[in-house]
Protein chains: 2
Amino acid sequence: MPTASDFQRMLREASLRVTSPRIAVLSAVHAHPHADTDSILGVVRADLGAVSHQAVYDVLRALTAAGLLRRIEPQGSVARYEARVGDNHHHVVCRSCGVIADVDCAVGLTPCLTASDDHGFTIDEAEVIYWGTCPGCTTATSL
Amino acid sequence: MPTASDFQRMLREASLRVTSPRIAVLSAVHAHPHADTDSILGVVRADLGAVSHQAVYDVLRALTAAGLLRRIEPQGSVARYEARVGDNHHHVVCRSCGVIADVDCAVGLTPCLTASDDHGFTIDEAEVIYWGTCPGCTTATSL
DNA sequence: TCATTTTCTGGAATCAATCAAGTTACTGAG
DNA sequence: CTCAGTAACTTGATTGATTCCAGAAAATGA
């Protein structure tokens, strides 16, 4: 898990000002992959004592735009964020409880799949989401 | 394009009551693949003269649950609906204008991909969304 | 035709996210 | 270390998409 200094360096390398909310958000997302905005807000507030929801929204947007975070939004879910960027990994989502896990991309580069008919699009990414039931929910439904 | 009688038959086969709003929604989605809820509401209102937004939401939910429609929600988009169901096809989405096109699934059955590590999940679907730029937007950005 | 149950109506409410004006804080130059 | 400039944060208000809800209307089968 990166230190505050690491986060400061990441921010500077991305030409972003180093602020407490930004460091707190980076730390929160590193510690809680796939967390939604509301829970990130809660973690950041516990960390800093006070921070506006607007700041968290703004920071998440800025860090995502800078490539320091990745935003995902599986169907039926709110926006979620993760710190694991740049490897084009995919996700598996439980239809029952919503838990999300990372799935390494076999290719690693985008796009990792070729459309049977690209309709003339210039394709730059193949987003893959595996849907199913997690071990915990599979056991529950088998009972 | 199916007729009203076809829609009535589809509804009965799905054990759903045959109502005007339902027939109008089915017709609207058949005519406008990947339309969002608000535009479906507009088309249905033009068709029936009056219908509550609640009815359209309820109908879309019921028809999706019955397997007569499919709901998609690309990241950053609202809920959209299509009548093409059962063939596990994918989509390509333009990052610029948002246009969506169907992409046939090379396998046709779910799940059509195998996760490198399924984390013990029982996977039943691999949702694939190709992201890129459509022909119209590619030309525009090249100018 | 009628009873039953589902569906629709017409708002109200909720939720996630954005907008906006003013204040605060970070940064680089001196 | 100070200061000017500008980005970031604060504190609400607002928006858009969707859901909730009580009561009325309509579809269905007997």
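All values reported here derive from a predicted model rather than from experimental measurement. So that the names make sense, note that chain A is the first sequence line, chain B the second, and so on, each numbered from 1.
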- Message: Looking at C/dT18, I'd like to know if its phosphate oxygens (OP1 or OP2) sit under 4.0 Å from a side-chain N or O belonging to A/Tyr57.
- Response: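 For C/dT18, neither OP1 nor OP2 has a side-chain N or O of A/Tyr57 closer than 4.0 Å.
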- Taking only residues two or more places apart in sequence, or in another chain, which ones meet A/Asp58 in a side chain to side chain donor-acceptor pair (under 3.5 Å)?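 So A/Asp58 forms a side chain to side chain donor-acceptor pair (under 3.5 Å) with A/Gln54.
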- Task: Taking side chain to side chain donor-acceptor pair (under 3.5 Å) as the test, write out the residues that go with B/Ser39, two or more places apart.
- Result: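 B/Ser39: side chain to side chain donor-acceptor pair (under 3.5 Å) contacts with B/Asp36.
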- Task: Apply salt bridge (charged side-chain N to carboxylate O under 4.0 Å, His left out) to A/Glu73 and A/Arg71, showing your working.
- Result: CA-CA 7 Å; A/Glu73 198 177 337; A/Arg71 176 176 191 274; 2.9 Å; yes
Integer-rounded Å distance: [N] [atom2] and [X] [atom1]:
| X | N | atom1 | atom2 | value |
| --- | --- | --- | --- | --- |
| A/Asp58 | D/dT11 | CG | P | 14 Å |
| B/Asp36 | D/dT18 | CG | C1' | 13 Å |
| A/Leu41 | D/dT10 | CG | P | 10 Å |

- Query: Using Watson-Crick and G-U wobble pairs whose two distances are both under 3.5 Å, how do you write the pairing of DNA chain D as dot-bracket, with | for links to another strand?
  - Reply: ||||||||||||||||||||||||||||||
Any side-chain heavy atom of [X] within less than 4.5 Å of one from [Y]?
| X | Y | answer |
| --- | --- | --- |
| B/Asp102 | B/His90 | no |
| A/Glu127 | A/Ile129 | yes |
| B/Leu60 | B/Val29 | yes |

- Cationic N near anionic O, under 4.0 Å, B/Asp38 to B/Arg80: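 Between B/Arg80 and B/Asp38 there is no salt bridge, as every charged N stays at least 4.0 Å from the carboxylate O atoms.
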- Message: What I want to find out is whether B/Arg84 reaches B/Asp104 closely enough, with some N-O distance under 4.0 Å, to be called a salt bridge.
- Response: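 Result for this pair is yes, salt bridge flagged.
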- Could you check which residues of residues 10-27 of chain B get a heavy atom under 4.0 Å from DNA chain C? Sort them by number, please.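 Contacts with DNA chain C under 4.0 Å: B/Arg17, B/Thr19, B/Pro21, B/Arg22.
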- Close approaches to DNA chain D from residues 60-83 of chain A, in residue order (heavy atom, under 4.0 Å):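 The answer is none.
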- If you take all heavy atoms of A/Thr3 and A/Asp6, which pair is closest and at what distance?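 In terms of heavy atoms, the two residues are closest at N-OD2, 2.7 Å.
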- Which atom names give the shortest non-hydrogen contact between A/Arg95 and B/Asp124, and what distance separates them?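 For A/Arg95 versus B/Asp124, the nearest heavy atoms are NH2-OD1, 2.6 Å.
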- Message: Whether the A/Glu82 and A/His91 side chains hold a donor-acceptor pair (N or O, under 3.5 Å, no angle test) is what I'd like checked.
- Response: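 The answer is yes; a qualifying pair exists.
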Polar atom pairs between nucleotides 12-14 of chain D and protein, under 3.5 Å, N or O only, would you list them?
none

- Could you walk me through whether B/Phe121 and A/Thr133 pass the side-chain contact (heavy atoms from CB on, under 4.5 Å) check? CA-CA 5 Å; B/Phe121 280 63; A/Thr133 315; over 6 Å; no
- Query: Do B/His30 and B/Phe7 pass the ring pair (Phe, Tyr, Trp, His ring centres under 6.0 Å) test, and can you show the C-alpha distance, the side-chain angles, and the key distance before you say yes or no?
  - Reply: CA-CA 10 Å; B/His30 270 267; B/Phe7 294 136; 5.1 Å; yes
